[in-house]
Amino acid sequence: RGIVRPVVLVRSEWFASLDDAAATAALAHEAEHVRARDPLRYLLLWFSAAVNPLGGILLRGEAGRWVAAREVECDRLAVARGADAAALAHALVAAARPAARSTAVAALVQPELRALELRVELLLAYAEHPPVQCDDRGAPTLRFALGILALVIALPHSGETAALDVLHVGTERAVASFFP
């Protein structure tokens, strides 16, 4: 929670049900959301859908896929920074159990079963072949990302998301160059 100074809130009942490795891995995943300023990103996503309701309706599926991709990316980065992949998979499954749903952090697990399965499969693959952390210093400038944003706003919305994909990647790289 929080936009300017995000904090991670965890229910003590769910947290106590995890072993140390799973709890540490779950917190590492959430720390990646904080590091990437995801609460601000999600607010901007919500705001852009509210400002342009038709665009929000047309891109609802894409927005859902983007959020799912953010979860997978935070899993990958947490493991690349040293979290135990199998322990994070265990924390995801523990949070997805129906009995735990009322006590788990809702952001850790998405409601779609296939998304959970994919994340667990990737994490188990990471346990065998850990991902590496990329350091991309050749990121485009913030002006480039703002120019793409202006184009996306100025152009009519359609079902194509290529411009939004360029915007998201360019913005992430530009922000990463300012916050190493």
Side-chain angles (χ1 to χ4, degrees), residues 1-49 60-136 139 165 168-169 171-180:
R1 295 194 180 198
I3 302 301
V4 176
R5 299 189 96 178
V7 295
V8 175
L9 301 177
V10 180
R11 296 199 186 249
S12 58
E13 299 90 5
W14 176 74
F15 199 68
S17 72
L18 300 175
D19 61 10
D20 289 345
T24 301
L27 289 176
H29 167 92
E30 295 304 326
E32 292 304 325
H33 282 295
V34 171
R35 188 175 286 116
R37 300 189 185 344
D38 280 346
L40 177 61
R41 291 176 182 202
Y42 296 151
L43 176 69
L44 292 174
L45 177 66
W46 172 84
F47 181 73
S48 63
R60 182 174 294 141
E62 290 301 319
R65 284 187 281 282
W66 179 74
V67 170
R70 286 298 312 142
E71 292 298 325
V72 169
E73 179 65 4
C74 287
D75 290 345
R76 188 188 72 75
L77 288 172
V79 173
R81 292 183 197 266
D84 184 295
L88 182 53
H90 170 71
L92 290 174
V93 171
R97 290 188 183 119
R101 285 263 184 188
S102 62
T103 60
V105 176
L108 189 63
V109 176
Q110 297 165 295
E112 298 87 17
L113 181 60
R114 182 60 195 134
L116 175 66
E117 289 173 349
L118 176 64
R119 288 176 67 191
V120 170
E121 288 173 14
L122 286 170
L123 285 167
L124 294 178
Y126 294 158
E128 293 179 18
H129 304 286
V132 295
Q133 185 175 346
C134 298
D135 187 20
D136 185 8
D165 294 341
H168 290 289
V169 171
T171 303
E172 289 177 8
R173 288 182 176 166
V175 169
S177 68
F178 290 111
F179 302 102

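- Contact detail for A85 and Y126: the closest heavy-atom pair is CB-CB, 3.9 Å.
- Note: L123 CG to R119 CZ = 7.0 Å, rounded to the nearest 0.5 Å.
- When side chains are defined from C-beta on, T24 does not count as touching D84, because their heavy atoms never get closer than 4.5 Å.
- Taking CG of L118 as the reference point, atom CG of L113 lies at 11.5 Å (rounded to 0.5 Å).
- Residues D38 and E32 are not in side-chain contact: their nearest non-hydrogen atoms beyond the backbone lie 4.5 Å or more apart.
- Put simply, the side chain of L45 reaches to within 4.5 Å of the side chain of W66, judged on heavy atoms.
- No side-chain heavy atom of V34 sits less than 4.5 Å from a side-chain heavy atom of E30.
- Note on E121 versus R114: salt bridge recorded, some NZ/NE/NH1/NH2 to OD/OE distance being below 4.0 Å.
- Closest heavy-atom contact between P39 and P6: CG-CB, 3.9 Å.
- Considering only heavy atoms from C-beta on, V72 comes within 4.5 Å of L122 through its side chain.
- A distance of 13.5 Å separates CZ of R81 from NE2 of H29, quoted to the nearest 0.5 Å.
- Annotation: the span from R70 atom CZ to E73 atom CD amounts to 6.0 Å, rounded to 0.5 Å.
- Salt-bridge annotation for R65 and E62: present, with a side-chain N of the basic residue lying under 4.0 Å from a carboxylate O of the acidic one.
- Between atom CH2 of residue W46 and atom CG of residue L44 there is a gap of 11.0 Å, rounded to the nearest 0.5 Å.
- Between the NE2 atom in H33 and the CG atom in L77 there is a gap of 10.0 Å [rounded to 0.5 Å].
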